[in-house]
Chemist: 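I have a structure here, written as structure tokens, and I will follow up with some questions on it.
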Amino acid sequence: MEVFYHSTRSGEAQVKASQAILKGLSEDGGLFVPDHIPALDKDIKELAEMDYRQVAYEVMKLYLTDFTEEELKGCIDRAYDSKFDTEEIVPMAEAAGAYYLELFHGPTIAFKDMALSILPHLMITSARKNGVKNEIVILTATSGDTGKAALAGFADVEGTRIIVFYPKNGVSPIQEKQMVTQKGANTLVVGIHGNFDDAQTGVKKLFSDKELASEMAGKGYQFSSANSINIGRLVPQICYYVYAYGRLLKEGRIAEGEQVNVVVPTGNFGNILAAFYAKNMGLPIGKLICASNENKVLYDFFSTGTYDRNREFVLTASPSMDILISSNLERLIYRIAGNEPERTAKLMAALNGEGRYDITEEMKAALSDFYGNYATEAETEAEIGRLYEECGYVIDTHTAVASAVYQKYRKETGDEAKTIIASTASPYKFTRSVMNAIDAEHDAKGDFELVDGLSKLSGVRIPDAIEEIRTAPVLHDRQCEVDEMKNVVREFLHL
């Protein structure tokens with residue numbers, strides 16, 4: 001059955017998957033959602049015998065229904081290849097009674113690689129399918145990981161350019177070095193004077209700037225997005241939850257049909273939304289545990305039914321979660337609002353205007369699949385130390401937030417169901433925070449001294465992604481104010 005996509009905010013005409021991928025964001029500012037969530041059409045025991053690429057095809061074919069089998073398998077094979085440092089693509093580690101799904105074995109050692117390795121291929125295929133002659137300009141705001149993963153995916157891809165905006169003082173030193181050393185004649189990286197929400201809001205304004213769109217079209221350009229708002233980012237993320245369940249089943253760790261819980265460290269809400277979609281496709285997932293850091297806007301939302309971004313923005317050791325406007329939550333809001341775009345548009349207008357909105361009791365009841373909690377900076381550091389001391393397993397700061405929240409959930413509920421924790425980044429991306437947690441007496445001063453120290457302590461090989469930037473020259477040193485973002489785009493495209 002074919003799946004079509006429409007905006008969360010209006011009755012805009014339905015579009016095919018390839019068109020939604022190309023547009024990125026709907027013209028009314030809404031996000032594209034499928035007209036229905038398709039059910040898995042393969043038995044879970046059959047899926048359990050498949051490798052990652054095969055599972056990815058079985059999931060993605062259900063959403064990207066205007067792609068041929070040859071097109072989709074071609075995209076998958078080009079994405080999940082030797083760029084990943086393990087044949088399994090997403091291995092799982094058992095530690096202290098939970099299963100850590102390691103989503104960081106791609107070229108930029110963060111979970112964003114799982115979707116951004118395939119998005120360029122989906123986008124180029126979509127352009128070809130729709131007769132697009134314009135050069136596609138990928139415009140992206142990043143809180144740390146999306147930027148580098150998108151840059152790595154789109155660098156020197158013919159027919160594309162990519163511009164990444166990041167908060168100048170809001171990412172880790174390793175994250176920044178990864179971005180500003182990026183090669184590629186079609187790439188631009190810019191640090192803005194503001195936080196991630198400022199960057200994300202600025203990018204959304206550029207997408208809705210009709211005058212700029214007209215000017216770009218005249219020069220043969222059109223915008224698209226690599227942010228998690230693009231449905232071409234969300235669909236590939238569903239795959240690894242299906243794969244993880246299959247691995248547990250195949251290894252005899254769970255029985256067929258046994259429910260597992262999923263814990264996700266959450267900022268922009270895309271990764272946990274993918275797990276929600278997987279559950280609604282028929283995957284036996286029990287609780288969806290949404291883990292926040294001290295920017296606990298989502299925890300407060302799940303606790304009270306009020307989403308309120310009017311609060312102090314906290315810079316934490318888990319910067320990819322330093323977000324007060326969780327864009328992908330809009331897709332969930334649309335669903336619990338009865339798939340009514342007018343109700344969703346009204347709530348999003350309130351968020352844009354007053355910075356807050358309240359959902360109804362009926363909508364709150366529809367969130368029963370979710371549990372929200374948060375971890376403080378001290379709790380996050382303590383959790384890294386606990387896991388290392390108990391079993392020698394080293395996790396990054398974002399995974400530690402999820403792990404700490406999982407401990408709170410177990411204590412609060414007594415639920416001992418088997419649990420998958422999304423491990424979203426390599427500890428090598430956040431070496432200072434990790435080393436402070438597991439070796440408080442270390443005397444390393446520089447970031448790469450810390451890298452070497454972590455390798456020695458953990459016995460884990462330093463990833464190529466880190467070695468490559470150790471001596472790489474800075475190629476992007478542009479900075480700007482938020483209100484200068486449009487000028488930066490115009491200059492880069494010679495408009």
Side-chain angles (χ1 to χ4, degrees), residues 24-25 29 110 112 137-151 162-180 182 187-209 212 223 225-230 266-270 292-298 307-330 348 350-356 377 397-398 429-430 474-493:
L25 194 66
K112 308 293 173 76
V137 180
I138 304 299
L139 189 63
T140 292
T142 184
S143 55
D145 287 336
T146 285
K148 174 59 183 180
L151 288 161
I162 177 164
I163 306 169
V164 170
F165 291 100
Y166 74 96
K168 176 60 186 160
N169 297 309
V171 300
S172 82
I174 294 289
Q175 285 177 312
E176 183 172 47
K177 188 83 186 285
Q178 280 189 302
M179 286 189 284
V180 299
Q182 177 65 50
T187 66
L188 178 67
V189 180
V190 184
I192 67 150
H193 300 146
N195 60 38
F196 169 72
D197 289 326
D198 297 323
Q200 183 166 253
T201 300
V203 162
K204 284 183 176 179
K205 281 182 182 174
L206 291 173
F207 267 105
S208 60
D209 189 324
L212 180 60
F223 276 142
S225 169
N227 273 73
S228 61
I229 54 176
N230 192 312
T266 310
N268 228 5
F269 207 75
S292 300
N293 64 16
E294 289 184 5
N295 292 293
K296 55 187 180 69
V297 64
L298 286 167
Y307 192 100
D308 189 351
R309 65 176 172 85
N310 301 309
R311 62 184 68 207
E312 183 186 354
F313 184 90
V314 184
L315 287 173
T316 74
S318 47
S320 297
M321 299 162 66
D322 290 347
I323 294 172
L324 295 181
I325 304 173
S326 298
S327 290
N328 269 292
L329 185 64
E330 181 171 340
M348 294 307 116
L351 180 63
N352 194 44
E354 296 90 58
R356 57 168 286 159
E377 289 289 87
T397 47
H398 303 74
K429 291 199 92 158
F430 306 94
V474 171
L475 301 175
H476 304 272
D477 58 3
R478 183 78 186 264
Q479 297 180 37
C480 77
E481 303 299 328
V482 175
D483 60 7
E484 295 171 338
M485 290 168 66
K486 182 174 178 177
N487 290 337
V488 169
V489 171
R490 296 186 78 259
E491 285 174 30
F492 183 57
L493 300 180

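Please read these numbers as outputs of a predicted model, since none were measured by experiment.
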Chemist: Run the salt bridge (Lys or Arg N to Asp or Glu O under 4.0 Å) check on Arg309 and Asp197 step by step: do they pass?
Modeler: CA-CA 10 Å; Arg309 65 176 172 85; Asp197 289 326; over 6 Å; no
Chemist: Measure across Asn230 and Gly24 and return the closest heavy-atom pair with its distance rounded to 0.1 Å.
Modeler: ND2-CA, 3.6 Å
Chemist: With rounding to the nearest 0.5 angstrom, report the NZ to CE distance, Lys205 to Met485.
Modeler: 9.5 Å
Chemist: Taking side-chain hydrogen bond (donor to acceptor under 3.5 Å, both in side chains) as the definition, give me every residue that meets it alongside Lys204, ordered by chain and number, with sequence neighbours left out.
Modeler: Ser327
Chemist: Do Thr316 and Met321 come close enough that some side-chain heavy atom pair is under 4.5 Å?
Modeler: no
Chemist: Any chance NZ of Lys486 has more than 12 other-residue heavy atoms, nucleotides or ligands included, within less than 6.0 Å?
Modeler: yes
Chemist: Could you measure the distance from the OG1 atom of Thr146 to the CE atom of Met179? Nearest 0.5 Å is fine.
Modeler: 10.0 Å
Chemist: Check whether any side-chain N or O of Glu330 sits under 3.5 Å from a backbone N or O of Met348 as a donor-acceptor pair, and report yes or no.
Modeler: no
Chemist: Does any non-hydrogen side-chain atom of Asn195 lie less than 4.5 Å from one of Asp322?
Modeler: no
Chemist: Mind checking side-chain hydrogen bond (donor to acceptor under 3.5 Å, both in side chains) for Asp477 and listing every partner two or more places apart, or none if nothing turns up?
Modeler: none
Chemist: Could you state the interatomic distance from CG (Leu188) to NE2 (His476), rounded to the nearest 0.5 Å?
Modeler: 7.0 Å
Chemist: Rounded to the nearest 0.5 Å, how far does CD1 of Ile325 lie from CG of Asn352?
Modeler: 8.0 Å
Chemist: Using only atom types and a distance under 3.5 Å, with no angle test, would you say the side chain of Asn293 pairs donor to acceptor with the backbone of His398?
Modeler: no
Chemist: Specify the closest pair of heavy atoms between Thr266 and Phe269, including all atoms of both residues, with the distance to one decimal.
Modeler: CG2-CA, 3.5 Å
Chemist: Considering all heavy atoms of both residues, which atom of Ser326 and which atom of Ile323 are nearest to each other, and what is their separation?
Modeler: N-CG2, 4.2 Å
Chemist: Donor-acceptor check, side chain of Asn328 to backbone of Ser228, threshold 3.5 angstrom: yes or no?
Modeler: yes
Chemist: Mind checking whether Leu151 and Ile162 have side chains closer than 4.5 Å, heavy atoms only?
Modeler: yes
Chemist: Looking only at non-hydrogen atoms, find the nearest pair between Ile138 and Ala226 and report the distance.
Modeler: CG2-CB, 3.4 Å
Chemist: Has Asp308 got a side-chain atom pairing as donor or acceptor with Arg356's backbone, closer than 3.5 angstrom?
Modeler: no
Chemist: Backbone N or O of Glu377 within a donor-acceptor pair of the Glu294 side chain at under 3.5 Å?
Modeler: yes
Chemist: If we check side-chain contact (heavy atoms from CB on, under 4.5 Å) with Val190, which of these qualifies: Lys168, Glu484, Arg478?
Modeler: Arg478
Chemist: Before you tell me yes or no, could you show the steps for Phe165 and Leu139 under side chain to side chain contact (heavy atoms under 4.5 Å, CB included), namely the whole-Å CA-CA distance, both residues' side-chain angles and the distance that decides it to 0.1 Å?
Modeler: CA-CA 8 Å; Phe165 291 100; Leu139 189 63; 3.7 Å; yes
Chemist: Quick check: do Ser320 and Ser143 have side-chain heavy atoms less than 4.5 Å from each other?
Modeler: yes
Chemist: So, do Lys112 and Thr142 sit near enough that their side-chain heavy atoms are less than 4.5 Å apart?
Modeler: no
Chemist: Just verifying a value: how many Å separate Leu25 CG and Leu206 CG, rounded to the nearest 0.5 Å?
Modeler: 11.5 Å
Chemist: Can you confirm whether Ile174 sits close enough to Phe430 that some side-chain heavy atom of one is under 4.5 Å from a side-chain heavy atom of the other?
Modeler: no
Chemist: Determine whether Val137 and Phe492 make a side-chain contact, defined as any pair of heavy atoms from C-beta on separated by less than 4.5 Å.
Modeler: no
Chemist: Output the distance between atom NZ (Lys148) and atom OG1 (Thr140), rounded to the nearest 0.5 Å.
Modeler: 14.0 Å
Chemist: Going by the rule ring-ring contact (aromatic ring centres under 6.0 Å, His included), which residues pair with Phe207 if we only count those two or more places apart in sequence or in a different chain?
Modeler: Phe223
Chemist: What are the two closest heavy atoms between Gly194 and Pro167, and how far apart are they?
Modeler: O-CB, 3.2 Å
Chemist: Locate the shortest heavy-atom distance separating Ser172 from Pro319; write the atom from each residue and the value.
Modeler: N-CG, 4.1 Å
